[in-house]
Amino acid sequence: MNVVVLLGAPGAGKGTQAPLLSDRLGIPVVATGDLFRAAVRDGTTLGMDARRYMDAGQLVPDEITVRLLLERLSRPDAGHGVILDGFPRTAVQAKALDDALVDRGERVSAAVLIDIHGDELVRRMSGRWICRTAGHPYHEVFSPPNVPGICDLDGSELYQRRDDQPDTIRLRMAQQLSALSDVIEHYRSSGVLHTVDGLLPIDGVAEAIDRELAAAGIRPAGEPSERAAG
Ligand code: AP5
Ligand code: MG
């Protein structure tokens, strides 16, 4: 089965690319940020705990995040493969994912780093609007919806995330990038890291991801996959 991890700084384009890749590979997206936002919206205890960290631009503690992710991966729709957006975010989470996959005789097929940093990330997050129903991302300039304020895909209202305020954007960058480096190293050393240029337009990033995954022998669910040597 294909387990594809999308890595990148806050605002790199993980949530934009994940559904496109999901359509192409025929496997669902699991995004821990979306799971946390749903828990906040539903007012659960988990949501109230997570919200304190998210509003402060910090990572939610590993124990809470790993439990949430493993519960989601145990559902039947994740049994044929999954695209992970925003998980793992720490070395501890990366190890927990490896261990859970080993128990099923599987491993991460590819980790794709959408490589981008600096001011462009701030521009992307501060112009972002996402939909209430599924978190589909839009951008005021780079990827506007057909009708302002309405999601093209499901018709729901668009809103701006609480953590996309300029102060919180700065905190997220300051507090999360060093853990991202640890995760990049984890996948580099296990030989499954692929890097694409995140400054390309949305279509260009999607094409670059396709090229990397094809070179790694990753094919849509149902077709036999050939893992590249090494
Ligand atoms: P999460 O929701 O995962 O946020 P993030 O990682 O900070 O990433 P973003 O969603 O901000 O960016 P993205 O890469 O998805 O970019 P997007 O595609 O939207 O996490 C939120 C919080 O939850 C965390 O801060 C943390 O507190 C907690 N959390 C989540 N997972 C956790 C974990 N595993 N451990 C601990 N805590 C966790 O694109 C951004 C904008 O740019 C959009 O407007 C888009 O339209 C535009 N855009 C995208 N690509 C392009 C392009 N190529 N060209 C031009 N514009 C583009
Ligand atoms: Mg996202």
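Just so you know, ligand 1 is whichever comes first in the structure, and atom 1 is the first atom listed for that ligand.
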Please report whether ligand 1 has a polar contact with F36, defined as an N or O pair separated by less than 3.5 Å (distance criterion only). no

Look at atom 37 (N) of ligand 1 and say which protein heavy atom is nearest, naming residue and atom and giving the distance to 0.1 Å. V60 N, 2.9 Å

In terms of its nearest heavy atom to atom 40 (C) of ligand 1, the top option of K14, R128, R51, R52 is R128

Output, in order, the C-alpha distance, side-chain angles, deciding distance and verdict of side-chain contact (heavy atoms from CB on, under 4.5 Å) for E140 and Q160. CA-CA 11 Å; E140 289 168 1; Q160 288 196 290; 4.1 Å; yes

Tell me whether ligand 1 is touched by Q176 - counting only heavy atoms on the residue side and a distance under 4.0 Å. yes

Geometric N/O contact Y53 with ligand 1, under 3.5 angstrom: no

Is T32 in polar range of ligand 1, meaning some N or O pair under 3.5 Å apart? yes

So which heavy atom in the protein is nearest atom 42 (O) of ligand 1, and how far is it from that ligand atom? R124 CB, 3.2 Å

Structural part of L200 in contact with ligand 1, heavy atom criterion under 4.0 angstrom: backbone

Is the closest basic N to carboxylate O distance between R89 and D182 below 4.0 Å? no

Shortest protein heavy-atom distance from atom 4 (O) of ligand 1, along with the residue and atom involved: R161 NH2, 3.2 Å

Using a 3.5 Å cut-off on N or O atoms only, is L59 in polar contact with ligand 1? no

If the threshold is 4.0 Å, N to carboxylate O, is there a salt bridge linking E71 and R67? no

Please report the interatomic distance CD1(I202) to OG1(T16), rounded to the nearest 0.5 Å. 5.0 Å

Is it the case that the side chains of S156 and D154 hold a donor-acceptor pair, with the cut-off being a distance below 3.5 Å and no angle test? yes

Does the N or O separation between G15 and ligand 1 drop below 3.5 Å for any pair? yes

Which atom names give the shortest non-hydrogen contact between G155 and I150, and what distance separates them? O-CG2, 3.7 Å

Would you say D34 has any N or O atom under 3.5 Å from an N or O of ligand 1, going by distance alone? no

Option of least heavy-atom distance to atom 20 (O) of ligand 1 (set: Q58, M54, R89): R89

Might you point out which heavy atoms bring A9 and L177 nearest each other, and give the distance in Å? CB-CD2, 3.7 Å

Closer than 4.0 angstrom, basic N to acidic O: yes or no for R161 and D163? yes

I'd like to check whether G13 has a polar contact with ligand 1, where a contact means an N/O of the residue lying under 3.5 Å from an N/O of the ligand. yes

Just distances here: any N/O of T16 and N/O of ligand 1 closer than 3.5 Å? yes

To the nearest 0.1 Å, how far is atom 44 (O) of ligand 1 from its closest protein heavy atom, and which atom is that? Y138 O, 2.7 Å

Distance-only N or O hit between ligand 1 and G86, under 3.5 Å: yes

Under-4.0 Å salt bridge between D167 and R170: yes

For atom 35 (N) of ligand 1, find the nearest protein heavy atom and state the residue, atom name and distance (0.1 Å precision). Q93 NE2, 2.9 Å

Report yes if some N/O of R37 lies less than 3.5 Å from some N/O of ligand 1; otherwise report no. yes

Which bit of P88 gets closer than 4.0 Å to ligand 1, counting heavy atoms only: side chain, backbone, both or neither? neither

For atom 7 (O) of ligand 1, what is the closest protein heavy atom, and at what distance to 0.1 Å? R172 NH2, 2.7 Å

Apply the salt bridge (Lys or Arg N to Asp or Glu O under 4.0 Å) test between D55 and each candidate in R172, R162, R37; give the one that qualifies. R162

Pair R41 + D34: basic N to acidic O under 4.0 Å: no

Is the closest heavy-atom distance from G11 to ligand 1 below 4.0 Å? yes

